[in-house]
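Shown next, in structure tokens, is the structure this report addresses.
In listed order, ligands and their atoms are each counted from 1.
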Amino acid sequence: MLKYTSLTKFHWLTFTNFVISYSMKKIQMVDLKGQYIGIKDAVNPAIQEILENTSFINGPKVHEFQKNLENYLGVKHVIPCANGTDALQIAMMGLGLKPGDEVITADFTFAATVEVIALLQLTPVLVDVNPDDFNIDVDAIKKAITPKTKAIVPVHLFGQCANMEAIMDIAKEHNLYVIEDNAQAIGATYTFSNGKKAKAGTIGHVASTSFFPSKNLGCYGDGGAIFTNNDDLAHTIRGIVNHGMYERYHHDVVGVNSRLDSIQAAVLDIKLRKLDSYNNARREAAKKYNEAFKHIDKITTPYEYGSSDNHVFHQYTLKLKDVDRDGLVAFLNENNIPCGVYYPIPLHKQKAYKDDRYNEADFEVTNQLVKDVISLPMHTELDDEQITYISEKIIEFING
Ligand SMILES: Cc1ncc(COP(=O)(O)O)c(C=O)c1O
């Protein structure tokens with residue numbers, strides 16, 4: 001056997017890493033299996049029941065989940081659909097936006113948001129974000145408004161609401177619609193300056209969400225939903241999701257086929273009951289990461305607005321300063337720590353969405369963020385040992 005004295009420092013560290021990573025649960029960006037094990041006893045019979053009753057489409061489970069989500073959010077209407085991208089598209093169709101209408105959204109987000117704007121032949125107007133919470137910059141919105149502007153799409157990025165109070169004020173002043181892209185912040189609570197609270201996705205005229213498996217409320221396939229407090233808009237949207245039908249085989253408007261299936265609704269209904277505790281587990285993990293990094297000058301931990309119920313940490317994203325990010329990613333991967341860069345390219349620089357109208361000077365923050373951000377494993381099953389290991393490895397790399 002190799003004697004300790006013959007191990008170099010390098011060998012010893014490698015050996016230690018091996019022992020730690022061998023005894024520790026495998027670290028994942030999102031641990032869907034671990035979460036499933038915790039709810040298996042409820043999920044399996046619920047799926048089995050649908051297999052037995054064969055109510056795969058538009059079954060009672062979909063309606064039940066819809067009602068439960070309406071109650072949870074405190075919103076009048078939830079209209080389930082096939083995914084979060086459809087939800088955004090259908091929300092815009094429901095509002096009657098027309099080709100050439102300008103829609104303002106954030107440059108720093110997932111492409112789905114701008115994709116549907118372009119797909120509907122609306123004109124996307126990308127604007128910069130805040131350097132602290134990475135959400136759409138209110139002053140940039142104001143600057144981008146023209147007589148053609150019809151809507152603003154704030155994205156509640158990484159789990160924290162955009163500045164909805166200011167956005168709703170701007171919308172009121174300029175007679176614009178607000179469509180909240182709530183794919184990443186379900187369960188987050190926004191606090192207005194007068195202390196009033198509202199769930200993310202219930203403040204604008206309409207909102208969309210995604211139930212993609214890795215989302216805070218994720219199903220076991222694709223799913224999405226639209227939320228609104230407006231009865232007429234809800235009625236319009238219910239027809240649009242169903243081929244534009246309000247009466248069977250009467251197609252009054254051009255619609256789409258976008259449905260949440262019963263198996264997904266059954267899974268979501270079980271997970272909805274646990275959503276607050278899932279979001280709390282994410283917050284606890286975030287607190288532990290924050291604590292570990294609090295003395296590291298080269299790391300900025302996620303900014304959180306006042307109230308602790310505001311952020312649901314869909315992602316835990318650090319901002320790095322004077323750190324070789326590619327080197328850090330490689331080092332973490334070598335140590336079996338997955339990580340992600342959300343998002344590596346600003347939308348205004350993507351081939352599909354480039355436009356001569358854009359001026360680089362208007363995207364100072366996004367252009368910098370894409371170089372500096374790194375997202376760490378964040379999910380409901382992260383344990384202390386994993387968080388300690390991940391943060392120690394990051395600090396080890398940074399301190400050289
Ligand atoms: C901000 C944002 N909007 C929209 C979507 C689209 O959701 P889906 O993948 O369900 O179509 C996503 C999904 O990743 C998202 O993160």
Side-chain angles (χ1 to χ4, degrees), residues 29-30 32 65 69 78-93 103-120 122 124 126-127 129-130 133-136 151-162 164 167 178-188 200-201 203-204 206-227 241 256-261 263-265 267-268 271 282 311-317 340-348 350 352-353 366 369-370 373 375 378-379:
M29 259 328 249
V30 181
L32 294 178
F65 166 63
L69 187 54
V78 165
I79 301 124
C81 67
N83 57 67
T85 311
D86 276 8
L88 273 168
Q89 177 181 333
I90 293 159
M92 290 179 203
M93 290 168 77
V103 180
I104 299 173
T105 194
D107 192 37
F108 188 62
T109 176
F110 182 58
T113 324
V114 68
E115 180 178 68
V116 299
I117 300 172
L119 203 67
L120 292 172
L122 312 172
L126 296 166
V127 300
V129 297
N130 303 318
D133 67 356
F134 316 143
N135 274 322
I136 195 162
I152 306 167
V153 187
V155 181
H156 303 321
L157 203 74
F158 301 154
Q160 180 161 236
C161 281
M164 286 306 292
I167 292 168
V178 175
I179 305 158
E180 292 175 74
D181 182 342
N182 195 32
Q184 301 190 6
I186 197 151
I203 304 162
V206 62
S208 61
T209 201
S210 163
F211 301 128
F212 185 76
S214 64
K215 296 292 193 249
N216 289 38
L217 179 60
C219 56
Y220 294 162
D222 271 311
I226 303 136
F227 318 146
V241 296
V256 294
N257 172 22
S258 189
R259 296 184 281 239
L260 182 73
D261 69 66
I263 289 181
Q264 302 313 331
V267 172
L268 287 166
K271 286 186 145 195
R282 288 171 179 269
H311 206 320
V312 292
F313 291 96
H314 176 57
Q315 298 293 347
Y316 182 87
T317 302
V341 172
Y342 312 120
Y343 297 90
I345 305 171
L347 288 177
H348 80 276
Q350 296 283 0
Y353 306 112
T366 303
L369 285 178
V370 296
V373 290
S375 298
M378 172 49 77
H379 52 80

If we number the atoms of ligand 1 from 1 as shown, the ones under 4.0 Å from a heavy atom of Thr85 are 6 (C), 7 (O), 8 (P), 11 (O)
For Val155, the atoms of ligand 1 under 4.0 Å from one of its heavy atoms are 1 (C)
- Taking the side chain from Thr209 and the backbone from Asn182, do they hold a donor-acceptor pair closer than 3.5 Å? yes
Is there a nitrogen or oxygen of Ser210 sitting under 3.5 Å from a nitrogen or oxygen of ligand 1? yes
- Task: Output yes when a side-chain donor or acceptor of Glu180 lies under 3.5 Å from a complementary backbone atom of Ala207, and no otherwise.
- Result: no
Just by distance, do the side chain of Asn83 and the backbone of Gly224 share a donor-acceptor pair under 3.5 Å? no
One finds that the ligand 1 atoms under 4.0 Å from a non-hydrogen atom of Asn83 are 10 (O), 11 (O)
The side-chain hydrogen bond (donor to acceptor under 3.5 Å, both in side chains) partner of Asp86 among Ser258, Ser210, Ser208 is Ser258
Quick note on ligand 1: atoms under 4.0 Å from a heavy atom of Ala112 include exactly 4 (C), 5 (C), 6 (C)
Is there a polar contact between ligand 1 and Asp181, counting only N or O atoms under 3.5 Å apart? yes
If you scan protein heavy atoms around atom 12 (C) of ligand 1, the nearest is Phe110 CD2, 3.6 Å
Among non-hydrogen protein atoms, atom 16 (O) of ligand 1 lies closest to Gln184 NE2, 2.9 Å
>> When you compare the side chain of Asp181 with that of Phe110, does any pair of heavy atoms fall below 4.5 Å?
In response: no
- Lys215 near ligand 1, heavy-atom distance under 4.0 Å? yes
dist Asp107:CG -> Tyr353:OH (nearest 0.5 Å) comes out at 12.5 Å
Does the Thr105 side chain pair with the main chain of Val114, one donor and one acceptor, at a distance under 3.5 Å?
-> no
re atom 15 (C) of ligand 1, the protein heavy-atom contact at minimum distance is Ala183 CB, 3.6 Å
Atom 8 (P) of ligand 1: of Cys219, Gly84, Ala82, the nearest heavy atom sits on Gly84
Open item on the list: Checking the N or O distance criterion of under 3.5 Å, is ligand 1 in contact with Tyr343?
Closed with: no
Q) Quick check: does Asp86 get an N/O under 3.5 Å from an N/O on ligand 1? A) no
Between Val30 and Met378 the two heavy atoms that sit nearest each other are CG2-O, 4.4 Å
For Gln315, the side chain to side chain contact (heavy atoms under 4.5 Å, CB included) test, sequence neighbours excluded, returns Met29, Phe158, Thr317, Tyr342, Ser375
